[in-house]
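Order of the sequence lines sets the chain letters (A, B, ...), proteins ahead of strands, with each chain counted from 1.
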2 protein chains.
Amino acid sequence: MPTSKDVARLAGVSQSTVSYVMSGKRPISEEVRQRVQAAIEELTYHPNAGARALAGRRTHVVGLVVPFGASADPGGLLPFIETIASGAREHDHDVLLVTADEGTSALTRLEGRRLCDAIVLMEVEARDERIAVASGLRVPVLLVGVPEEPDGLVCVDLDFAAAGRLAVEGLVERGHRRIAVLGYPPEAVERDIGYVRRFGDAALAAASAAGVECALLSPVAHTAAAVRAAVGRALETARDGDGADDDGLDDDAGLGLVVASGGAVPLALTALAERGVVPGRDVSVVAMLPDATAAATSPPVSNVSTESRDVSRRAVQELFRLLGDDPPTGGGVHLVPPRLTHRRTTVAGPAGA
Amino acid sequence: MPTSKDVARLAGVSQSTVSYVMSGKRPISEEVRQRVQAAIEELTYHPNAGARALAGRRTHVVGLVVPFGASADPGGLLPFIETIASGAREHDHDVLLVTADEGTSALTRLEGRRLCDAIVLMEVEARDERIAVASGLRVPVLLVGVPEEPDGLVCVDLDFAAAGRLAVEGLVERGHRRIAVLGYPPEAVERDIGYVRRFGDAALAAASAAGVECALLSPVAHTAAAVRAAVGRALETARDGDGADDDGLDDDAGLGLVVASGGAVPLALTALAERGVVPGRDVSVVAMLPDATAAATSPPVSNVSTESRDVSRRAVQELFRLLGDDPPTGGGVHLVPPRLTHRRTTVAGPAGA
DNA sequence: CTGAAAGCGCTAACAG
DNA sequence: CTGTTAGCGCTTTCAG
């Protein structure tokens, strides 16, 4: 197994020159560079990562703390990890995977053992005991999710407030005057994940700003029974309102249903079907889902995108800004905007328009 | 940031003693051990991973090559990664995640840079160009999946042949004389993943051994149309056979349908429902699915388990045998046995029994 | 533009 | 049972 010394000998240069050729940290004459490169190829030289880390005090590794087992949305995890991993590779870094069940000790271990140059902490909750530890570390930490107290850390997340707003406004535009939001499952609500509140609050605020009624049904477990019950309540609420319509106009496009938790979508569609209610005709349904998933439901459901790839790409970007030359002073919250796409489950437009 | 030298000074011992206390590689008097431990705690000392790797020629890291994007069964990936990660931690190892799209260069890089002590290669295909490279490495490689030429490498996989057999035998026991196997999607077939063939062959062999007819419908894309067509053909095949029943007895329990690819199960159940065919009464359905998933379909589908956790636990076990003291000589194929669980979708038993 | 040399922090002989 | 010492392979001053 060749070392940089072997490369140096073969190229007829010093070991430090080899190092500088690889790092580009000082000017090298074209001729020498070529000789060194040739020697590297010939020996298929790879720098020893341990030695590099020891001498250079950079591991070229990022630690990724993944919420295995406890994830509210396991579907989004894989694309996320994938994107981080390939993003890291583009910057000549590798990814060390750590499971969240190690708790805060994972963080101190990653830092203490100098296992990585930076840490990405996934699925951060509103009040997360790891934040305090994380903000005391010397290695930069990037949070995916926005806690109540970011504590000077950099956060990246989908803009759930914008998502809630977008969903409601999209329905209002299509003429809905009564909106119901099917909330998150009890697990998510109890764990107090930040976006649960942000989504709901923004949806209510948007409705109130538009002067329409909005019922937030939450929590709703991801079981057929719970979703069926919630859908039933939502439909009744909407019907109750009809008679009291004060302008007497028939401008009500029916219930506008927002499904906040992607996992509940198939159940919600089934529940509507059971009652003979047709999305896109009798009611509108807008769900939080990745575009690909939304396009694949039957019928394709209108969705506010939760592209975990968008978020993770942004995370990679911020991550390597943290590892770059100019140190971004304090923390910062970076929210990735969602998009609303109308598919088959929204009605065409205001009846009175 | 304290080093082992600091610990040594504080404990009033030599640096090597600190090292030996941590590794347990030589006897230490109880008194000294205590002093050292105390110093370690007090300083919250963590050994520098790079230095340790450099001096000790063990990184305490295992490389995991994950088939992101191309996985035939994304659902099984996460539990697998999770199990490997926590298994590794139990042995004081960490996991470095590498995406398969790096191809063989990932392997040479992991080895060349001395990034890990062993490599786990997931979702190995029947003829996989990485095998040749892997078997030439100095770091031990564990394959998940069984290639045609294991080339002296250790492999761990679900026993797909046993699974195929189990599914067919389970149906035969319940009285089915006509069996159809809904095969894998074209992607899986084309990529020539080993288990596709092993499952199908074993199913056919078991049927032939039991003297029952068996049609292998493959490939079947995971689209409503393709599955519907395949189900239709399966049902017709079964019906054709009825008239030719040579013993004249009405001992035919109807079609026994094996769904080889878990992803097709909902589509298959829907296709049956469309034709008014009731699983568990008119036909039996046995699918390859994790138990949890099978229990959650409606109705709960009888299944041959594909517990990726079982496989990955076995993988961890073999992995650390490779890293242990006694070097398991050559390669070896380790097959994890599946289990058959009858749920709602199999008929009660032979009509004639 | 290039070399020489001093460590980075740890492990593992070797010596008692 | 414990201490001394020589590297592991690289990066990075300091010289030229």
>> Suppose we screen for ring pair (Phe, Tyr, Trp, His ring centres under 6.0 Å). Which residues come up paired with B:His334, at least two apart in sequence or across chains?
In response: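 B:His334: no ring pair (Phe, Tyr, Trp, His ring centres under 6.0 Å) contacts found.
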> Can you list every salt bridge (charged side-chain N to carboxylate O under 4.0 Å, His left out) pair that touches residues 94-106 of chain A, not counting sequence neighbours?
Replying inline: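 Salt bridge (charged side-chain N to carboxylate O under 4.0 Å, His left out) check on residues 94-106 of chain A returns A:Arg89-A:Asp94, A:Asp94-B:Arg109, A:Glu102-A:Arg109, A:Glu102-B:Arg89.
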>> Strictly by salt bridge (charged side-chain N to carboxylate O under 4.0 Å, His left out), give each pair with a member in residues 49-63 of chain B just once, sequence neighbours left out.
In response: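 Sorted pair list: B:Arg52-B:Asp92.
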>> Below 4.0 Å from chain B heavy atoms, what is the first contacting nucleotide of DNA chain C and what is the last?
In response: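 Listed 5' to 3', the contact boundaries are C:dG9 to C:dC14.
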> Does A:Glu125 pair with A:Arg130 as a salt bridge, N-O distance under 4.0 Å?
Replying inline: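 Judged by the 4.0 Å cut-off on N to carboxylate O distance, A:Glu125 and A:Arg130 do not form a salt bridge.
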>> Below 4.0 angstrom, which residues in residues 29-46 of chain B have at least one non-hydrogen atom near DNA chain D?
In response: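 Going residue by residue through residues 29-46 of chain B, the ones with a heavy atom under 4.0 Å of DNA chain D turn out to be B:Ser29, B:Val32.
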Can you list, pair by pair, the side-chain donor-acceptor contacts under 3.5 Å of residues 42-49 of chain B, counting residues two or more places apart and other chains?
| residue | atom | partner | partner atom | Å |
| --- | --- | --- | --- | --- |
| B:Asn48 | OD1 | B:Gly50 | N | 2.8 |
| B:Asn48 | OD1 | B:Ala51 | N | 3.0 |

>> Which is more 5' along DNA chain C, the nucleotide nearest A:Tyr20 or the one nearest B:Ser23? Just name the residue.
In response: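 The residue closer to the strand's 5' end, by nearest nucleotide, is A:Tyr20.
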For [X], enumerate each residue passing the salt bridge (Lys or Arg N to Asp or Glu O under 4.0 Å) test, keeping only those at least two apart in sequence or located in another chain.
X	answer
B:Asp159	none
A:Arg321	A:Glu318
B:Asp6	B:Arg9
A:Arg35	A:Glu31

> Going by heavy atoms closer than 4.0 Å, what residues in residues 48-57 of chain A are next to DNA chain C?
Replying inline: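 By residue number: A:Leu54, A:Ala55.
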> Which nucleotide of DNA chain D is the first, and which the last, in the 5' to 3' direction, to come under 4.0 Å of a heavy atom belonging to chain B?
Replying inline: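 With heavy atoms of chain B under 4.0 Å away, the range is D:dC1 to D:dG9.
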